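Down below is the structure, laid out as structure tokens.
Bear in mind the structure is a predicted one, so any value in this text is a computation, not a measurement.
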Amino acid sequence: MKIEISTDQDRLDVAMIHAFLANDSYWVPGISRSSVEKCIKHSFCFGVYAGGRQIGFARVVTDFVRFAHLLDVFVLPEFRGRGIAKLLMENILAHPELQTIVRYTLGTQDAHGLYARYGFTPPVNPERQMELLRPQNPPAPAAALHSRCDKVTRKN
């Protein structure tokens with residue numbers, strides 16, 4: 001089986017990506033199609049193909065200089081166990097556009113072994129790491145946010 005990995009967003013099978021993320025992932029169950037489309041639009045994406053069919057995916061959120069966060073990495077279940085995720089990781093880390101990246105981050109519940117073989121470890125200084133977790137409620141309409149911001153005045 002010949003595997004091809006491409007960063008051409010026009011080739012992505014958005015319906016397949018959405019179906020997997022919404023129905024089979026533990027990290028974004030129920031995610032909407034429009035949210036997946038927006039994520040893809042604002043990410044550096046990698047599609048994995050066999051026989052012209054997309055069988056895997058990963059995306060990187062990056063500044064293309066120093067930082068990158070790896071997300072939504074998956075290979076369809078019927079293609080697992082063949083080294084495809086390893087090939088995908090090798091292609092991501094070797095991609096010419098990502099060669100200046102000094103810090104990659106990611107989150108995983110069950111693939112620590114995969115990522116460890118590429119040098120991923122727990123944070124060296126976890127006391128320096130922080131995160132902000134927001135509830136999964138829909139955001140307030142933009143007009144409401146702007147009106148609240150307009151009421152805030154700054155004192156010098």
Side-chain angles (χ1 to χ4, degrees), residues 1 3-95 97-98 101 103-123 126 129-149:
M1 170 174 53
I3 301 296
E4 182 185 0
I5 297 177
S6 172
T7 58
D8 182 353
Q9 284 198 9
D10 292 335
R11 289 187 65 189
L12 294 173
D13 182 345
V14 178
M16 182 280 291
I17 296 166
H18 171 251
F20 181 88
L21 293 175
N23 303 318
D24 298 318
S25 77
Y26 64 81
W27 57 93
V28 286
I31 190 170
S32 70
R33 167 88 183 227
S34 63
S35 290
V36 170
E37 290 171 355
K38 189 173 184 178
C39 289
I40 288 171
K41 179 181 175 185
H42 296 288
S43 300
F44 190 43
C45 299
F46 292 76
V48 183
Y49 304 89
R53 174 184 174 202
Q54 186 172 354
I55 62 166
F57 178 75
R59 66 187 183 92
V60 179
V61 175
T62 182
D63 61 10
F64 290 99
V65 178
R66 297 181 55 227
F67 176 80
H69 187 76
L70 186 59
L71 298 132
D72 297 337
V73 180
F74 70 87
V75 173
L76 292 175
E78 62 265 35
F79 293 94
R80 292 181 186 163
R82 302 179 194 183
I84 296 169
K86 293 174 192 156
L87 184 63
L88 176 57
M89 285 301 301
E90 289 164 9
N91 273 262
I92 292 169
L93 296 174
H95 195 281
E97 291 289 324
L98 301 175
I101 304 300
R103 179 179 303 268
Y104 277 91
T105 60
L106 61 80
T108 186
Q109 178 178 307
D110 58 359
H112 296 80
L114 169 66
Y115 300 116
R117 59 172 59 235
Y118 299 101
F120 285 85
T121 62
Q129 306 298 310
M130 296 182 70
E131 67 182 0
L132 170 63
L133 298 176
R134 291 183 169 171
Q136 291 297 309
N137 297 331
L145 285 174
H146 290 295
S147 66
R148 279 188 260 150
C149 292

Please output the side-chain donor-acceptor pairs of residues 111-119 that fall under 3.5 Å, not counting sequence neighbours, one pair per line with the distance.
| residue | atom | partner | partner atom | Å |
| --- | --- | --- | --- | --- |
| Y118 | OH | K86 | O | 3.2 |
| Y118 | OH | E90 | OE2 | 3.3 |

Can you give me every donor-acceptor pair (side chain of residues 18-26, partner residue at least two apart or in another chain, under 3.5 Å) with its distance?
| residue | atom | partner | partner atom | Å |
| --- | --- | --- | --- | --- |
| H18 | NE2 | I31 | O | 2.9 |
| H18 | NE2 | R33 | N | 3.2 |
| N23 | ND2 | A19 | O | 3.1 |
| S25 | OG | L21 | O | 2.5 |
| S25 | OG | V28 | N | 3.3 |
| Y26 | OH | Q109 | N | 2.7 |

> Yes or no on side-chain contact (heavy atoms from CB on, under 4.5 Å) for N91 and M89, after CA distance, side-chain angles and deciding distance?
Replying inline: CA-CA 5 Å; N91 273 262; M89 285 301 301; over 6 Å; no
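- With sequence neighbours left out, the side chain to side chain donor-acceptor pair (under 3.5 Å) criterion links S32 to S34, S35.
- Closest non-hydrogen pair, C45 versus Q9, comes out as SG-NE2, 3.9 Å.
- Remark: F79 engages no residue in a ring pair (Phe, Tyr, Trp, His ring centres under 6.0 Å) (not counting sequence neighbours).
- For the pair F46/S6, no side-chain contact is recorded, criterion being any heavy-atom separation below 4.5 Å from C-beta on.
- The distance from the OG1 atom of T7 to the CG atom of L12 is 9.0 Å, given to the nearest 0.5 Å.
- Distance alone, capped at 3.5 Å, places no donor-acceptor pair between the E97 side chain and the F64 backbone.
- Here the CG-NE2 distance, from L93 to H95, works out to 11.5 Å after rounding to the nearest 0.5 Å.
- Minimum heavy-atom separation, Y104 to I101: CE1-CG2, 3.5 Å.
- In this structure, Q54 contributes its side chain and V14 its backbone to no donor-acceptor pair below 3.5 Å.
- Applying the salt bridge (Lys or Arg N to Asp or Glu O under 4.0 Å) rule to E4 yields the partners R11; only residues at least two apart in sequence or on another chain are considered.
- Closest of all the heavy-atom pairs between I55 and M16 is N-CE, 4.4 Å.
- The side-chain heavy atoms of V48 and V75, taken from C-beta on, include no pair separated by under 4.5 Å.
- Listed by first and then second residue, the salt bridge (Lys or Arg N to Asp or Glu O under 4.0 Å) pairs involving residues 46-66 are R53-E78, R59-D72 (not counting sequence neighbours).
- For H69 (side chain) and V61 (main-chain N/O), no donor-acceptor pair under 3.5 Å exists by modelled atom type.
- In this structure the side chain of R134 reaches within 4.5 angstrom of the side chain of L132, judged on heavy atoms.
- Nearest approach of P123 to P126, heavy atoms of both residues: O-CD, 3.3 Å.
- A distance of 13.0 Å separates CZ in R103 from OG1 in T62, rounded to the nearest 0.5 Å.
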